[in-house]
J.: 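Before anything else, here's the structure in question.
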Amino acid sequence: MDRKEFLSVMGMSAASAVVISCLGCAKNSGSGSSPSTTGPTGIDFTLDLTASANSALLKNGGYLSSNGVLVAKTSAGAYIAVQLSCTHQNYPLVYQASASHFYCNNHGSAFTETGTVLNSPARNNLTTYKTTLTRHIIKSLRIN
Ligand code: FES
């Protein structure tokens, strides 16, 4: 094998490695969402606001997670609930009452209080849950 042949073979190998590597990157690059980023199903749970573990929900802007769901009390005092995991790559979301949105600290996606994507890289809306408050008990049910 002369030098020209050697370089030609090596160039082909390197090109093949790049293609394989990029196929892997595309699959895991985070540019899209995967089906596993939807919220949990079969959600039907209650939170007792008299329990100290749920005290975050007593003040406007507070939030907590339970059963894969993020439950928050808005600045206006309403209880809202969305899937805990970001639709981009499953990173746990936080609630930012001052901006009235859910935020992902991993890559910066944000979602409205009704779960709609505000900014990428997430492209899919959050699963939202119906919440009802009866006396001191919050009940969450999946609605989409
Ligand atoms: S995991 Fe990437 S924006 Fe949330």
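Since this is a predicted model, take the numbers as computed values, not measurements. Both ligands and their constituent atoms are indexed starting at 1 by order of listing.
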J.: When you measure from the side chain of N106 to the backbone N and O of Y91, does any donor-acceptor pair fall under 3.5 Å?
T.: no
J.: Output yes if H107 passes the N/O/S-under-2.8 Å test against atom 2 (Fe) of ligand 1; output no otherwise.
T.: yes
J.: Run through T87, N124, T116 and flag the one making a side chain to side chain contact (heavy atoms under 4.5 Å, CB included) with F111.
T.: T87
J.: By number and element, which atoms of ligand 1 are closer than 4.0 Å to a non-hydrogen atom of N106?
T.: 1 (S)
J.: Side chain, backbone, both or neither: which part of S109 comes within less than 4.0 Å of ligand 1 when only heavy atoms are counted?
T.: both
J.: With sequence neighbours left out, write down each residue that passes side chain to side chain contact (heavy atoms under 4.5 Å, CB included) with T74, or none if nothing qualifies.
T.: A76, A78, I80, Y95, E113
J.: Within a distance under 4.0 Å of any heavy atom of C86, pick out the atoms of ligand 1 and give their elements.
T.: 1 (S), 3 (S), 4 (Fe)
J.: In terms of atom number and element, which parts of ligand 1 are under 4.0 angstrom from non-hydrogen atoms of Q89?
T.: 1 (S)
J.: What donor-acceptor contacts under 3.5 angstrom involve side-chain atoms of residues 51-63, with partners at least two apart or in another chain?
T.:
from	atom 1	to	atom 2	distance (Å)
N54	ND2	D48	O	2.9
S55	OG	S52	O	3.0
N60	ND2	S75	O	2.8

J.: Identify, by atom number and element, the atoms of ligand 1 in contact range of Y91, meaning under 4.0 Å from any of its heavy atoms.
T.: 1 (S)
J.: Can you check whether F102 reaches T112 side chain to side chain, under 4.5 Å on heavy atoms?
T.: no
